[in-house]
Amino acid sequence: MEFFEVVERRRSIRRFKRVKIPEEDVRRIMEAGRAAPTDATLHLWSAVRVVDEGKKAEIARLIGQPHVEEGSDFFVFLADLYRLRELLRFRGRDLAEDRLALLVFAAVDAALAAENMALVATALGYGSCFIGAVQNAAGEIVKLLGLPPLTYPLFGLVVGVPDEDPPPRPRLPLEMLFHEGAYRRYAEEELAAAFRIMAKVTRSGDWLRLLERYAGRGGYFEARGGEMRRLLRELEFL
Ligand SMILES: Cc1cc2nc3c(=O)[nH]c(=O)nc-3n(C[C@H](O)[C@H](O)[C@H](O)COP(=O)(O)O)c2cc1C
């Protein structure tokens, strides 16, 4: 596949054939993750590959995402400062005490690795889906995967043989996503247009419902905050 075709063809796949991806292809996908840029060569991420059917089923149930079970391989991406602390300790040095910036850049590193993997999976004819829903049961996943302190499950990536071919999902127009030179505030008409463009992604036909459910007051992300903070403290990030 042409590179541009790969980028355009990638979309979130949520139905998979119950077929295993050959190991050599999984390794190519993992190599793509390894090749991603990493801040200051720190490698602030790692991923746990889950292939065991029982474990995948358990995670899928815990987080309410059946496609995690259907897919061939499930990667749980971690912010990983544990390895960094080990490397520093090995040479007699300490990890930074204020770890907020490391955590933010760990999320960037992990996302870059995962997107590289999603693109190579697409190029090889496989499907993938990012799974932020690992946050629905982050504490349980920490236990299930035996994660040490200073590792935190950020999101997952399920990869498998696709059993659907969904149309491309809409995106906001280029002018709303990219600002020329300085941030440009949005005109009311642009906001109205955004709702019209994005209506297609929703079953209800109103993107507001989705925005509100996830990002609105009392929504999903707000509800996650407390447990996320608690777990990040427990795992020595904060
Ligand atoms: C960080 C992140 C988390 C996501 N979490 C989930 C998830 O938990 N479950 C799911 O089915 N899709 C998830 N998605 C997929 C998005 O819903 C999807 O990318 C978006 O609707 C656009 O569709 P497309 O990827 O097909 O272009 C996630 C995507 C990202 C980037």
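Order of appearance sets the numbers: ligands from 1, and atoms from 1 within every ligand. The figures here come from the full heavy-atom set of this structure, side chains too, leaving out hydrogens, waters and symmetry mates.
- The contact shell of ligand 1, taken as protein residues with any non-hydrogen atom closer than 4.0 angstrom, comprises Arg10, Arg11, Ser12, Arg14, Gln65, His67, Cys129, Phe130, Ile131, Gly132, Ala133, Arg169, Arg171.
- Of all heavy-atom pairs spanning Val6 and Leu119, the tightest one is CG1-O, 3.2 Å.
- Results of the side chain to side chain contact (heavy atoms under 4.5 Å, CB included) test with Asp73 over Asp25, Ile29, Val51 single out Val51 as the only residue that passes.
- Annotation: salt bridge (Lys or Arg N to Asp or Glu O under 4.0 Å) contacts of Arg99 (sequence neighbours excluded): none.
- Alongside Ile197, the hydrophobic cluster contains Leu172, Leu174, Met176, Leu177, Phe178, Tyr183, Tyr186, Leu191, Phe195, Met198, Val201, Trp207, Leu208, Leu210, Leu211, Tyr214, Tyr220, Phe221 (criterion: ILVMFWY side chains under 4.5 Å).
- Residues meeting the side chain to side chain contact (heavy atoms under 4.5 Å, CB included) test with Glu212, sequence neighbours left out: none.
- Shown are Phe130, Phe75, Phe74; of these, the ring pair (Phe, Tyr, Trp, His ring centres under 6.0 Å) with Phe155 is made only by Phe130.
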